[in-house]
Amino acid sequence: MCHAYDSRPPIAPVAGAAVNHQELTLRAADSASFAAFAAQAGDHTGAGMVVLPDAGGLRRFYEELALRLAEEGIDAVAIDYFGRTAGVTKRDADFPYMEHLAQTKAANVAMDVGAAIDYLRSPDGGNCRSVFTVGFCFGGSNSWLQAANRHGLAGAIGFYGSPGGTRDGEPGPMARATEVACPILALMGGADEHIAAEQVERLRQAWEKSGVEHELVIYPEAPHSFFDRSYQEHADAAADAWQRVLAFTRRLHAG
């Protein structure tokens with residue numbers, strides 16, 4: 001698990017912002033149900049964001065992130081990966097996520113993201129005109145993969161996602177670079193103990209070779225999972241990353 005069960009995003013709430021939120025059960029194209037958490041902006045901008053958690057699935061960290069996005073006028077829905085194997089109930093810190101992660105396939109993630117996008121584009125979800133994805137670690141690489149899955153995304157954002165060519169025999173971000181159909185934002189730690197700098201450079205080269213519009217930012221001293229309230233020594237990197245997420249979203253939504 002990338003962020004600990006009790007972790008929180010390093011973003012202060014926006015004072016006076018009006019936000020509605022609710023827990024949802026969404027249904028994917030294969031009729032599988034999965035849990036989600038939706039946060040709706042009081043002042044709609046028409047932008048929407050699907051939040052893809054790390055390997056631990058939907059937890060409070062990602063619900064809070066959805067709320068912070070909504071405070072910025074971006075309707076957001078954070079999704080869980082494990083509806084097919086673990087149901088839609090809330091889980092505690094002892095949830096054995098690794099055994100469920102092993103059963104999580106890229107095609108199922110794509111269907112769940114598709115259902116979340118449909119929700120954001122619906123009246124209940126905010127009638128969003130521009131929809132983005134943002135993910136962390138496992139969710140970061142999956143966010144980039146959604147850019148190749150014909151969802152009609154406006155952009156895809158990934159924090160410390162694995163560049164890997166394949167995962168369990170399924171093509172990863174590098175392998176699918178030629179299929180990317182929207183701009184990419186990648187936010188990486190230069191001191192990431194899980195992702196080698198050589199891998200990040202290979203991903204950059206794959207996107208450049210494929211003509212993908214992308215911004216790849218490396219924070220030299222930041223470790224994996226630096227976007228976390230507990231990493232006070234990396235607060236500047238986290239603050240810069242958050243502003244880049246907002247700027248990327250607003251620029252592409254306005255365009």
Side-chain angles (χ1 to χ4, degrees), residues 2-3 7-24 26 35-54 57-80 112-113 115-137 139-140 142-144 146-147 151 153-161 182-187 215 217 225-229 235 237-255:
C2 179
H3 292 279
S7 292
R8 297 290 184 269
I11 314 162
V14 177
V19 174
N20 295 316
H21 62 86
Q22 61 178 319
E23 295 178 0
L24 300 173
L26 297 179
F37 178 90
Q40 195 168 84
D43 184 12
H44 295 284
T45 63
M49 186 80 73
V50 181
V51 179
L52 286 82
D54 62 44
L58 182 60
R59 301 187 310 283
R60 187 60 189 169
F61 182 101
Y62 300 103
E63 295 175 349
E64 283 203 13
L65 183 64
L67 292 169
R68 301 292 84 81
L69 286 162
E71 289 168 355
E72 298 288 347
I74 303 166
D75 295 313
V77 58
I79 68 171
D80 185 58
D112 293 349
V113 171
I117 292 170
D118 288 345
Y119 171 79
L120 287 170
R121 288 174 174 160
S122 75
D124 288 341
N127 286 316
C128 296
R129 303 187 306 278
S130 304
V131 179
F132 301 78
T133 57
V134 63
F136 297 77
C137 189
N142 270 289
S143 179
W144 299 329
Q146 303 320 305
H151 292 305
L153 292 173
I157 306 162
F159 282 76
Y160 27 86
C182 67
I184 295 284
L185 174 61
L187 301 160
E215 179 183 1
V217 182
S225 309
F226 70 85
F227 194 76
D228 194 301
R229 199 175 300 174
D240 183 79
W242 177 240
Q243 291 306 313
R244 288 179 185 274
V245 168
L246 297 179
F248 178 83
T249 304
R250 289 166 179 161
R251 174 177 64 83
L252 293 171
H253 176 57

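Each residue takes its place number in the sequence, starting with 1.
Between the side chains of Asp228 and His3, at least one donor N or O sits under 3.5 Å from an acceptor N or O. With no hydrogens or angles considered, no side-chain donor-acceptor pair links Tyr62 and Asp80 at under 3.5 Å.
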Should Arg229 and Glu64 be marked as a salt bridge (Lys or Arg N to Asp or Glu O under 4.0 Å) after you check the CA-CA gap, both sets of side-chain angles, and the distance that decides it? CA-CA 12 Å; Arg229 199 175 300 174; Glu64 283 203 13; 3.2 Å; yes

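Within the 4.5 Å cutoff, the side chain of Ile157 has heavy atoms near those of the Met49 side chain. Annotation: side chain of Arg250 is in contact with side chain of Glu72 (closest heavy-atom distance under 4.5 Å). Between His151 and Val131 there is no side-chain heavy-atom pair separated by less than 4.5 Å. Between Cys182 and Phe132, every side-chain heavy-atom pair lies at or beyond the 4.5 Å cut-off. Counting heavy atoms from C-beta outward, Val134 and Thr249 have side chains that stay 4.5 Å or more apart. Inter-residue side-chain proximity for Phe61 and Asp54 is flagged as unmet; no heavy-atom pair is nearer than 4.5 Å. Side-chain atoms of Val113 and Ile79, non-hydrogen and from C-beta on, do get closer than 4.5 Å to each other.
For Leu153 against Arg121, the heavy-atom pair with the smallest separation is N-NH2, 4.5 Å. Gly126 and Gln40 make their closest contact through N-NE2, 3.5 Å (heavy atoms, listed as atom of the first residue, atom of the second, distance). The two residues Ala116 and Val77 make their nearest non-hydrogen contact at CB-CG1, 3.8 Å. Between Glu71 and Ala12, the shortest heavy-atom distance links the atoms OE1-O, 4.5 Å. Phe37 and Leu58 make their closest contact through N-CD2, 4.2 Å (heavy atoms, listed as atom of the first residue, atom of the second, distance). In terms of heavy-atom proximity, Ser143 sits nearest to Ala156 at O-CB, 3.4 Å.
The distance from atom CG of Asp75 to atom CG of Asn20, rounded to the nearest 0.5 Å, is 10.0 Å. Distance check, rounded to the nearest 0.5 Å: CD1 of Ile11 to CH2 of Trp242 gives 4.0 Å. How far CD1 of Ile74 is from NE2 of His253: 9.0 Å, rounded to the nearest 0.5 Å. We find the CD1-OG1 distance between Ile117 and Thr133 to be 7.5 Å, quoted to the nearest 0.5 Å.
Taking the six-membered ring where the residue is Trp, the centroids of Tyr160 and Phe227 are separated by 6.0 Å or more.
Shown here is Asp240, whose CG atom has more than 12 heavy atoms of other residues, nucleotides or ligands within 6.0 Å.
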